[in-house]
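The model shown is predicted, which means the values in this text are computed figures rather than measured ones.
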Amino acid sequence: IHAMYLAMYAAREEHKRLKDTYLQCMTIKSAIPHPRIMGFIRECGGKMYMGECNWEQAKANFFDAFKNYDEAGSPQRVQVLKYLVLASLLSESEVNPLSGPEAMSYVNDPAIVAITALVAAFESQDVVRFEHTLSQNTEHIQDDPFIARYIADLRRTLRMQALESAVLPYTRIRIDSLAKRLDIAPADTEQLLVALILDKRLRANIDQEQGILAVEQDTAEHQQFEALNKWATNMESLLRSAIATIG
């Protein structure tokens with residue numbers, strides 16, 4: 001019954017009722033649902049958390065949905081595997097879900113081949129290759145309404161990663177030069193740089209008159225602090241994912 005309500009609220013995009021019903025489903029311990037039903041509940045949870053931009057929780061739910069669909073022999077497992085990859089990329093996880101033993105059986109599926117190519121472009125921070133992969137695989141990627149909803153977020157995440165890496169060797173660099181590397185407009189590049197600075201992922205200043213980015217040099221002490229902070233953040237993220245998967 002709860003699964004039916006989930007389907008209805010998801011179709012109507014009634015987010016509050018969807019979340020309330022999903023949380024109720026997660027508290028039911030008296031009955032063991034069929035893996036196909038549990039897969040559907042977890043898939044709804046994953047989509048719900050994606051709507052909240054809670055990529056880590058979405059990833060945990062999609063992974064659980066995939067395992068349940070796989071156990072039930074449902075073809076929906078391939079679709080949910082794509083959603084798992086999407087959430088993983090948006091969370092900027094260093095773990096590729098397609099490399100896990102659970103996903104190895106589906107690496108030759110056309111839909112997974114397409115998403116694998118997208119992951120490869122993402123991991124290499126190749127913005128041009130990413131766009132090419134999208135355009136060449138519309139059937140398996142952009143034609144999916146759910147995935148299409150997050151393409152802009154995915155593109156922005158990749159561009160910020162690529163930009164962050166591109167400025168590393170420099171103390172000063174022209175913004176239009178960075179824009180050319182990313183194959184995007186200078187104005188868009190400047191907006192991404194501002195976001196990186198505000199997120200404290202980049203210690204730099206922008207000279208808008210000259211169109212130049214001036215990067216502050218990190219001291220050895222600051223680099224050590226940042227490395228420890230990143231390690232602590234990753235450990236916290238792994239712990240949350242483990243807790244979400246278990247319970």
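- By the 4.5 Å heavy-atom criterion applied to side chains, L84 and K59 are counted as neighbours.
- The side-chain contact (heavy atoms from CB on, under 4.5 Å) check on A148 picks up nothing, with sequence neighbours excluded.
- Residue pairs meeting the side-chain hydrogen bond (donor to acceptor under 3.5 Å, both in side chains) criterion with at least one partner in residues 169-179, sequence neighbours excluded, are Y170-R181, R174-D176.
- Rounding to the nearest 0.5 Å gives a distance of 8.0 Å between CD of E131 and CG of L158.
- Remark: of the listed residues D70, D64, D109, D70 is the sole one forming a salt bridge (charged side-chain N to carboxylate O under 4.0 Å, His left out) with R77.
- Interatomic distance, I41 CD1 to N61 CG, rounded to the nearest 0.5 Å: 10.5 Å.
- Counting only residues at least two apart or in different chains, side-chain hydrogen bond (donor to acceptor under 3.5 Å, both in side chains) contacts with residues 183-196 comprise E190-Q208.
- Side-chain contact between L178 and L193 is present, with at least one heavy-atom pair separated by less than 4.5 Å.
- Partners of S165 by side-chain hydrogen bond (donor to acceptor under 3.5 Å, both in side chains), not counting sequence neighbours, listed by chain and number: Q125.
- Legend: residues meeting side-chain hydrogen bond (donor to acceptor under 3.5 Å, both in side chains) with E164, ordered by chain and number and at least two apart, are R201.
- Neither L98 nor V95 shares a network with the other; the hydrophobic side chains, linked directly or stepwise wherever heavy atoms of I, L, V, M, F, W or Y lie under 4.5 Å apart, form separate groups for each.
- Listed by chain and residue number, N137, H140, I141 satisfy the side-chain contact (heavy atoms from CB on, under 4.5 Å) test with A114 (two or more places apart in sequence, or in another chain).
- The ring-ring contact (aromatic ring centres under 6.0 Å, His included) analysis of residues 76-135, with sequence neighbours excluded, yields the pairs F62-Y83, F66-Y106, Y83-F146.
- Between T157 and L89, the shortest heavy-atom distance links the atoms CG2-O, 4.1 Å.
- For the residue pair E43/N68, the side-chain donor-acceptor check at 3.5 Å is not satisfied.
- Among all heavy-atom pairs drawn from W55 and S91, the shortest one is CB-CB, 3.6 Å.
- E139 is linked by a side-chain contact (heavy atoms from CB on, under 4.5 Å) to D143, counting only residues two or more places apart in sequence or in another chain.
- Closest heavy-atom contact between I206 and L213: CG1-CD1, 3.8 Å.
- Side-chain contact check for I173 versus I212: every heavy-atom pair is 4.5 Å or farther apart.
- Within the 4.5 Å cutoff, the side chain of V85 has no heavy atoms near those of the K82 side chain.
- With sequence neighbours left out, the side-chain hydrogen bond (donor to acceptor under 3.5 Å, both in side chains) criterion links E52 to H15, K19.
- The two atoms that bring L182 and V127 nearest to each other are O-CG1, 3.5 Å, heavy atoms only.
- Here the side chains of N54 and M48 are not in contact, with every heavy-atom distance at 4.5 Å or above.
- Remark: K47 NZ to Y150 OH distance equals 9.5 Å, nearest 0.5 Å.
- Taking CD of E102 as the start and NZ of K67 as the end, the distance is 7.0 Å to the nearest 0.5 Å.
- Nearest heavy atom pair, residue A195 against residue R156, reads CB-NH2, 3.3 Å.
- The ring-ring contact (aromatic ring centres under 6.0 Å, His included) analysis of residues 185-206, with sequence neighbours excluded, yields no pairs.
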* **Worked check of side-chain contact (heavy atoms from CB on, under 4.5 Å) between E123 and N96** => CA-CA 9 Å; E123 289 180 339; N96 181 357; 3.8 Å; yes

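- When the side-chain contact (heavy atoms from CB on, under 4.5 Å) test is applied to D126, the partners found at least two apart in sequence or on another chain are S124, V128, R129.
- Distance check: L163 CG to M160 CE gives 8.0 Å after rounding to the nearest 0.5 Å.
- Minimum interatomic distance between A65 and V80 (heavy atoms only, all atoms of both residues): CB-CG1, 3.7 Å.
- Through side-chain heavy atoms spaced under 4.5 Å, either directly or across other Ile, Leu, Val, Met, Phe, Trp or Tyr residues, V107 is tied to M104.
- From R159, atom CZ reaches atom CG of L192 across 7.0 Å, with rounding to the nearest 0.5 Å.
- Connection of V194 to V215 is established within a shared hydrophobic cluster, with ILVMFWY side chains joined at heavy-atom distances below 4.5 Å, either directly or through further cluster members.
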